[in-house]
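Dropping a structure here in structure tokens format, bear with me for questions.
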Amino acid sequence: MITTAPELLSDTDAGHHRAAGILRDGGLVAFPTETVYGLGADAGDDRAVARIYEAKGRPSFNPLIVHFADLDALQQHVIWTPEADLLARAYWPGPLTLVLRRQPDTPISALVSAGLDTLAVRLPAHDTARAILRAFGGGVAAPSANRSGQISPTLARHVVGSLGARVDAVLDGGPCKVGVESTIVGLAEKPVLLRPGGITEQQLAQTLGRPLAVRHKAEAISAPGQLASHYAPNALVRLNATDWEQGELRLGFGNVDCDLNLSPTEDLVEAASHLFDYLHRLDAQGGGTIAVSPIPHEGLGIAINDRLSRAAAPRDE
Ligand code: TXA
Ligand code: MG
């Protein structure tokens with residue numbers, strides 16, 4: 001069905017359940033949090049997560065924050081630490097995101113982490129967000145609900161103006177109180193402030209009883225894909241392969257004979273949804289080179305090619 005505008009949902013029980021139903025069906029729902037409106041998708045559904053990147057028009061795969069209604073559910077997906085416990089007790093629910101190691105067997109999409117072995121998680125305080133998350137019953141991946149490069153939305157009409165029918169539904173819960181995105185703290189190693197926000201560095205240091213390292217802004221926000229910790233395969237990566245060489249691991253796209261196919265029908269959403277998982281799977285076979293079919297340089301293909309060219313770039317030892 002071709003639509004020109006998203007479905008508008010009311011901030012009622014019926015609206016919250018409708019939002020949860022759309023998420024369950026793999027759809028995108030924009031909803032208010034205390035910081036900004038989020039563009040939500042089922043974090044366990046690779047295809048739904050790929051649609052977030054498509055709707056935002058992001059030229060690269062920035063990792064996403066996964067939102068939960070309660071701490072027990074959240075803790076199943078990450079390796080919890082004493083420092084996470086201190087910060088969670090002090091600031092959750094609220095505008096704080098923690099980056100922790102992923103549980104190796106978590107069903108959260110690898111695309112959410114953009115191939116990293118860490119996961120950003122948050123327990124929002126906004127009643128509407130919590131009601132939707134409870135009705136949905138799982139983790140919801142949600143970046144700010146705006147096209148890439150535009151200003152973050154704090155009203156439902158900002159979302160409609162920026163994303164239009166690229167989002168399936170928008171739940172209007174009024175203005176967001178905080179208005180800037182959550183503070184992000186990395187806890188996978190020593191505590192590091194990855195993005196400043198409403199909760200200050202001083203508050204965090206006081207709660208932890210020690211200072212935080214501060215990561216350089218440009219590194220943390222504009223280019224997480226370039227962080228040293230970012231997943232790069234052990235195998236070499238050969239791009240734009242139109243034929244295969246002896247012994248190569250073959251990552252195809254389109255109607256080609258190969259080991260794993262990102263999308264036999266040349267669907268870029270499907271290709272994005274498989275990208276990180278398939279790179280991991282081929283790499284686990286321990287071969288020397290992963291050869292990849294050409295991917296069209298349009299729409300989501302731009303983000304896919306960005307990631308692949310990083311994976312293929314010469315490595316430091
Ligand atoms: O307030 C917020 O945090 C809003 C609302 C909707 O919750 N969300 C938000 O998401 O600001 P987004 O996608 O605009 O920003 C998420 C940022 C990424 O750009 C990245 O810098 C960082 O979070 N991030 C996410 N996962 C990460 C990870 N595993 N490691 C390092 N940084 C991560
Ligand atoms: Mg944003």
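Only heavy atoms go into these numbers, but all of them, side chains included; no hydrogens, no water, no symmetry mates. This chain uses plain numbering: 1 for the first residue, then up along the sequence. Start at 1 and go down the list; that is how both ligands and their atoms are numbered.
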Output yes when the distance from some N or O of ligand 1 to some N or O of R195 is under 3.5 Å, and no in every other case. yes
Just checking, is any N or O donor in the side chain of T35 or S182 under 3.5 Å from an acceptor N or O on the other one?
no
Quick one: does any side-chain atom of D259 pair with a main-chain N or O of L249 as donor and acceptor, under 3.5 Å?
no
4.0 Å heavy-atom contact, S113 with ligand 1: no
One finds that the ligand 1 atoms under 4.0 Å from a non-hydrogen atom of T35 are 1 (O), 2 (C), 4 (C), 5 (C)
Sequence neighbours excluded, the answer for ring-ring contact (aromatic ring centres under 6.0 Å, His included) partners of Y278 is H274
Near A120 (heavy-atom distance under 4.0 Å), the atoms of ligand 1 are 25 (C), 26 (N), 27 (C)
Under 4.0 Å from one or more heavy atoms of L116, ligand 1 contributes atoms 28 (C), 29 (N), 30 (N)
On a heavy-atom basis, the closest approach of A311 and P233 is CB-CD, 3.9 Å
Atoms of ligand 1 under 4.0 Å from any heavy atom of P143, numbered from 1 in the order shown, are 10 (O), 12 (P), 13 (O)
Contact region, V99 to ligand 1, non-hydrogen atoms below 4.0 Å, reads side chain
Ion pair R210/E83, N-O distance below 4.0 Å: yes
Note: heavy atom closest to atom 24 (N) of ligand 1, options P63, P32, A142, belongs to P63
Among H126, R102, R101, H67, closest by heavy atom to atom 7 (O) of ligand 1 is H67
Exercise. Backbone N or O of A125 within a donor-acceptor pair of the E34 side chain at under 3.5 Å?
Worked result: yes
If we number the atoms of ligand 1 from 1 as shown, the ones under 4.0 Å from a heavy atom of I65 are 3 (O), 8 (N), 9 (C), 10 (O), 16 (C)
Below 4.0 Å from ligand 1: does a non-hydrogen atom of K56 turn up there or not? no
Checklist entry - Does R47 pair with D267 as a salt bridge, N-O distance under 4.0 Å? => result yes
Is a side-chain donor-acceptor pair under 3.5 Å present for S60 with Y53? no
Here the atoms of ligand 1 under 4.0 Å from any heavy atom belonging to I184 are 17 (C), 22 (C), 23 (O)
For S182, the atoms of ligand 1 under 4.0 Å from one of its heavy atoms are 1 (O), 2 (C), 3 (O)
Ligand 1 atoms nearer than 4.0 angstrom to some heavy atom of N62 are 19 (O)
In short, salt bridge (Lys or Arg N to Asp or Glu O under 4.0 Å) pairs touching residues 89-102 with sequence neighbours left out are D85-R89, R101-D117, R101-E189
Atom 14 (O) of ligand 1: of S148, S144, G38, the nearest heavy atom sits on S144
dist K56:NZ -> S162:OG (nearest 0.5 Å) comes out at 7.5 Å
> Would you say ligand 1 has an N or O under 3.5 Å from any N or O of E181?
Replying inline: no
